[in-house]
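Chain A is the first sequence line, chain B the second, and so forth, proteins listed ahead of strands; every chain is numbered from 1.
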Amino acid sequence: MVLVGVSRGHNTDHAGDQPTRDQPVTRQPVTNDEVARAFADMATALELLGANRFRTASNSRVAREIRDMTTNLADLVNEDPATAVARLCALPGIGKGSAEKIVELMETGAMNEHQKLMAEVPRGLFDVLDVPGIGPKAARVMWQELEIESVDDLMAQIDTEAFRALPRMGEKTIANIKEAVAFRAQTASRTPIGQALPIAREIHEALAALPGVERAAYAGSLRRGEETIGDLDFLVSSSEPEAVAEFFVNAEGVTKVLAHGATKCSVRLERGRVAIQADLRLVPLEAFGAALMYFTGSKEHNVRMRERSIKRGMRLNEYGLFEGNEERPQDLGKAPVAAADEEAIYAALELPFIPPELRQGHAELDQPPTARLIELNDIKAELHAHTVASDGSMSIEELAQCARNRGYHTIAVTDHSVSQVIANGLDADRLRDHVDAVRAVAARIEDISVLAGSEVDILADGSLDYDDEILALLDVVVASPHAALRQDPEAATARLLKAIAHPLVRIIGHPTGRLINRREGLSPDMSALYRAAAEHDTALELNANSQRLDLRDRHVRGAREQGCAIALDTDAHREENFDQLVYGVLTARRAGLEPEGCINTWPAEKLHTWLRAGR
DNA sequence: GCCGTTTTCGGCCCGACTGTTTTCAGTCG
């Protein structure tokens, strides 16, 4: 791999990647993620260099737009290099300058501007900027005045006279930086939604139960259903706001109060292994909708909404939507056009209600959703679940009971295959017995369908872990990658394409094998997978387990654009795992998934017919 | 750097809080 100057997040240590003297240099196509990272790097470097903030913001936007694209930039450029710049310019947020840089990166494997900026700004300074409370101005002055180029440098100098002499650097600021660095060391990454949501629900309930509270909600990335959460945002309307604030800053697990104002409080919270910041906003009831919209974000969605308001001669802020363009209209005694609920604000701006999960700041205002998004109650089947036969904790009957409790019409028993030794995977003989056991249970149970299946390993070369004659015994085959998850993108693509094309495979389970914050997983050419899956009518799974969420949101969107069916399963190993479905549904909604696009919403007959097809 | 149904130049979203300041800059979301 010779992508000079742009960091590859994947497989950089993989044997055979380094070209030798005798080998011609062959370059793998540059991925969207790599392009997005390059632009994000440039934005950060520009910030630290004190560049025009609009130029900085522009690079950030390009990074975001590319990260969330559902098609490959490499395909777009290669299709016709001569017109690539013009076609890139048609994408939102990408102008001539960025388009040319993208083409340069695609064609040469490097981007001059990126390399120049990276040479100018020390990489360690990015980490300094990452410390909460240190912004571009502070990081820049530390760098310029004291040659601080990393967090280590910062901590080495923080107690010196010279550091204290920096502008706006007082006792409290220094103490806050020290604490922020220590806190950061302990919580390096964003919190997975599976850990954040239960905590948020608990706090939300407690806030809602306080005397005088009229309305309470959580907002932010959690309400938007992002896979990881930066901090928890709460919104409360109360006749006794001081008491609510007092409760919040003294809540269980609060380790530091970062702000305690009349309308905003901010704390650091530690619960179990989770350490996260939580913000509380106290808002008037009559402006609850405007505030909820504002604090739900995303930031980019809000910017678009405010721009749209300005175009219509209005002004939007967290107090409401107002006629005219005066600053702080809420202080002038003006009555808002809309404020109490989100629906009214969208309506006043001639938009349908946009569900929080879709507020990503992409095209949702230009092309508002028309179809209803999938909901928890739409799910009528679980097609990926384990029993004690492999590594689950439930018997076949208990699994069926879980499905019945949730009102499902179908449950598939899909234990691990033989290669999953650590998960007590079944060899062919055990699988035959297990299928008999499942059929025996199915015969006793009349109200729901219990299917005999398997989660069969897709081996590194794309072959399956059982022979076809064994697979043919099953009602449903979920094929999943579990091992060799560091193989290069070409091998991963070929491996998954082979499984997708297998006539007995109906579902590809957790296609990339990634684990959030822990394992990157495979990086196949997703567009190729979508096309093949659509062609062979093989469903791609959105694994709802909050550690997986694989496919991720943008993958589900890309798959649907190609007409691919989506399976939404919890991969349950124990009863409570069925509750993970909410994370899958949130992710699916972020992808704009309509119920019809998900096989688990189909009526029993339609689903069973589909499962039998091709065998 | 991007963008255009007031525009190809001159704009570019809005407010709260803290800490360092004597009226506000920086940071955050």
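Looking at heavy-atom distances under 4.0 Å, Glu327(A) makes no contact with the nucleic acid at all. Using a 4.0 Å heavy-atom criterion, one finds that Pro136(A) contacts the sugar-phosphate atoms exclusively. Using a 4.0 Å heavy-atom cutoff across all strands shown, Ala138(A) reaches sugar-phosphate atoms only and no base atom. As judged by a 4.0 angstrom heavy-atom cut-off over every strand, Arg328(A) is placed among residues touching the sugar-phosphate backbone only. If you check every strand for non-hydrogen atoms under 4.0 Å, Tyr319(A) touches sugar and phosphate atoms only. Contacts of Arg315(A) with the nucleic acid, taken as non-hydrogen atoms under 4.0 Å apart, involve only primed sugar atoms and P, OP1 or OP2.
The pair Arg557(A)-Glu561(A) fails the salt-bridge criterion, with no side-chain N (NZ, NE, NH1 or NH2) lying under 4.0 Å from an Asp/Glu carboxylate O. Under 4.0 Å is where a charged nitrogen must lie from a carboxylate oxygen, and between Arg67(A) and Glu34(A) no such pair does. A salt bridge between Glu179(A) and Lys256(A) is present, with a side-chain N of the basic residue lying under 4.0 Å from a carboxylate O of the acidic one. Classification of Glu326(A) and Lys334(A) as a salt-bridged pair holds, one side-chain N sitting under 4.0 Å from a carboxylate O. Looking at Glu350(A) and Arg308(A), no side-chain N of the basic residue comes within less than 4.0 Å of a carboxylate O on the acidic one, giving no salt bridge. A salt bridge links Arg514(A) with Glu227(A): the closest approach of a Lys/Arg side-chain nitrogen to an acidic carboxylate oxygen falls below 4.0 angstrom. Glu145(A) and Arg164(A) are not joined by a salt bridge, as no carboxylate oxygen comes within less than 4.0 angstrom of a charged side-chain nitrogen.
Side-chain N/O atoms of Arg168(A) include none lying less than 4.0 angstrom from OP1 or OP2 on dT20(B). The shortest distance between the side-chain N/O atoms of Ser266(A) and the OP1/OP2 oxygens of dC28(B) is not below 4.0 Å. For dC28(B), neither phosphate oxygen OP1 nor OP2 lies less than 4.0 angstrom from any side-chain nitrogen or oxygen of Tyr294(A). Taking only side-chain nitrogens and oxygens, Asn176(A) comes nearer than 4.0 Å to OP1 or OP2 of dG19(B). In this structure, Lys137(A) reaches the dG26(B) phosphate: one of its side-chain N or O atoms is under 4.0 Å from OP1 or OP2.
Nucleotides dC2(B) and dT8(B), compared at atom C1', are 12 Å apart to the nearest Å. A gap of 29 Å separates the P atoms of dT18(B) and dC12(B), to the nearest Å.
Closest contact between the side chain of Ile310(A) and the listed nucleotides dC14(B), dG15(B), dG29(B) involves dC14(B). For Glu318(A), taking side-chain heavy atoms from C-beta onward, the closest of the listed nucleotides dT20(B), dT18(B), dA16(B) is dA16(B). Set against dG29(B), dC28(B), dC12(B), the side chain of Pro132(A) has dC28(B) as its closest nucleotide. Taking only side-chain atoms of Asn52(A), from C-beta outward, the nucleotide of dG1(B), dG29(B), dA16(B) with the closest atom is dG1(B). Side-chain proximity of Glu307(A) to the nucleotides dC17(B), dG19(B), dC12(B) is greatest for dC12(B). Here dG15(B) is the nucleotide among dG1(B), dG29(B), dG15(B) with the atom lying nearest to any side-chain atom of Pro329(A). Listed nucleotides dC14(B), dG29(B), dC17(B) differ in distance to Asn317(A); the shortest reach to its side chain belongs to dC14(B). The side chain of Ser98(A) lies closest to dG1(B), out of dA16(B), dG1(B), dC14(B).
Comparing Arg53(A) and Lys172(A), the nucleotide of DNA chain B nearest to each residue sits closer to the 5' end for Arg53(A).
Here dA16(B) presents its C1' atom at 14 Å from NE2 of His260(A), a figure rounded to the nearest Å. For the pair Gln330(A) CD and dG15(B) C1', the computed distance is 8 Å after rounding to whole Å. Atom-to-atom, CG of Asn302(A) to P of dC28(B) comes out at 18 Å; the value is rounded to the nearest Å. Ile102(A) places its CD1 atom 9 Å from the P atom of dC2(B), with the value rounded to the nearest Å. Put simply, CD on Gln277(A) is 14 Å from P on dC17(B), counting in whole angstrom units. Going from atom CG of Leu321(A) over to atom P of dC14(B) covers 12 Å, rounded to whole Å. Between Lys256(A) atom NZ and dT18(B) atom C1' the separation is 11 Å, expressed in whole Å. As a whole-Å value, the separation of Asn59(A) CG from dC12(B) P is 20 Å.
Residue-nucleotide stacking is present for Phe54(A) and dC12(B), judged by a side-chain ring centre under 5.5 Å from the six-membered base ring centre and planes under 30° apart.
Anti is the classification of dT5(B), since its glycosidic angle lies more than 90° from 0.
Nucleotide dG4(B) is matched to dC9(B) when pairs are restricted to Watson-Crick or G-U wobble geometry with both distances under 3.5 angstrom.
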